Amino acid sequence: MTQIIDGKFVASQIRIGLKEEAESLLKLTNKKPGLAAILVGDNSASKIYVNSKNKACNEVGFHSVVKIMESSATENELLEVIQKFNSDDEIDGILVQLPLPKHIDEDKIIEAISPKKDVDGFHPISFGKLVIGKETFYPCTPYGIMELLKYYKIDSKGKHVVVVGRSNIVGKPIANMLVQKKEGANAIVTICHTASPDISYYTKQADILIAAVGKANMITNDMVKDGVVIIDVGINRIDDASSPKGYKVVGDVDFENVKEKSSFITPVPGGVGPMTIAMLLTNTLKSFKQKMNIK
Ligand code: GUN
């Protein structure tokens, strides 16, 4: 029997817990956790993400600021906005929505965010701590995957996890999180990428397969073994004449066919996606508590 991993439900449970905690912290401190989201330009997917983050903040009772900048904004203008939020006591988390326009150096921007407010976990200091197994802000999507595995009691200890994709946002951090000598990790990890001559050679060996490539339906039935756990991070739009929008959203995994072989599988949408915002809010609350010296 295949179990569908319901990320929407798990994320809603996390958000209920965060709302309750924010309410009791408000009584205790008279302050709210605050998140600043910065959007440069008018990428339509990025706009949707930033709006959802803002809405989610309001729903759990956090303070939320959205700063929208023209696509022609300069690197220096963006750096100034970051500096302002770095020193703003009402802001505990700063998020610069990626990708940025080509004329802005993404690395320079990420490094300008105070590591104390790096709720995306992209700063080299946060990432370095993650790699050596120190406490830090974990990037939200991989953090969400770890929480899903925990919620569904999927033990990765001694299991072969195959990650397809080596992005800084998902592939590299999730591989490093799962390899740690820690409860809920302790896996044997392989990362496949564009230079892997035959990806299916690796994916067929996976006890847990994490697909984070951004290619619609690329993982097919013949590429996995029976009983595999599938975590699908892909969010891809494909043409669909039967939908009023003219498209539908699918993952990197050919869900209907792979489902039969898997023990657990995340759907798209409703799997990993909703967890990302829940973990962003979790990181923002953690930052607030660190600032207030609350355990
Ligand atoms: N673009 C795609 N995913 C993310 C994310 O998790 N954080 C930010 N800031 N930008 C993204």
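Since this is a predicted model, take the numbers as computed values, not measurements. Counting starts at 1 for both ligands and their atoms, following the listed order.
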Will you find, in the side chains of Thr284 and Asp92, an N or O donor that is under 3.5 Å from an N or O acceptor? no
A quick test of your reading: do over 12 heavy atoms of other residues, nucleotides or ligands sit less than 6.0 Å from CD of Glu23? yes
Please walk me through it: do Asn257 and Asp254 pass side chain to side chain donor-acceptor pair (under 3.5 Å)? CA-CA 6 Å; Asn257 291 314; Asp254 180 6; 2.9 Å; yes
Exercise: do Ser200 and Asp198 side chains pair donor with acceptor under 3.5 Å: yes
I'd like to know if the side chain of Asp232 pairs up with that of Thr266 as donor and acceptor (distance under 3.5 Å, no hydrogens or angles considered). no
Run through all N or O atoms in ligand 1 and write down each protein N or O closer than 3.5 Å, as a pair with its distance.
residue, atom, partner, partner atom, Å
ligand 1, 1 (N), Gln97, NE2, 3.3
ligand 1, 1 (N), Leu98, O, 3.0
ligand 1, 7 (N), Asp120, OD1, 3.2
ligand 1, 7 (N), Asp120, OD2, 3.3
ligand 1, 9 (N), Val96, O, 2.8
ligand 1, 9 (N), Asp120, OD2, 2.6
ligand 1, 10 (N), Gln97, NE2, 3.4
ligand 1, 10 (N), Leu98, N, 3.0

Can you pull out every salt bridge (charged side-chain N to carboxylate O under 4.0 Å, His left out) where at least one residue sits in residues 207-223? Sequence neighbours excluded, please. Asp207-Lys225
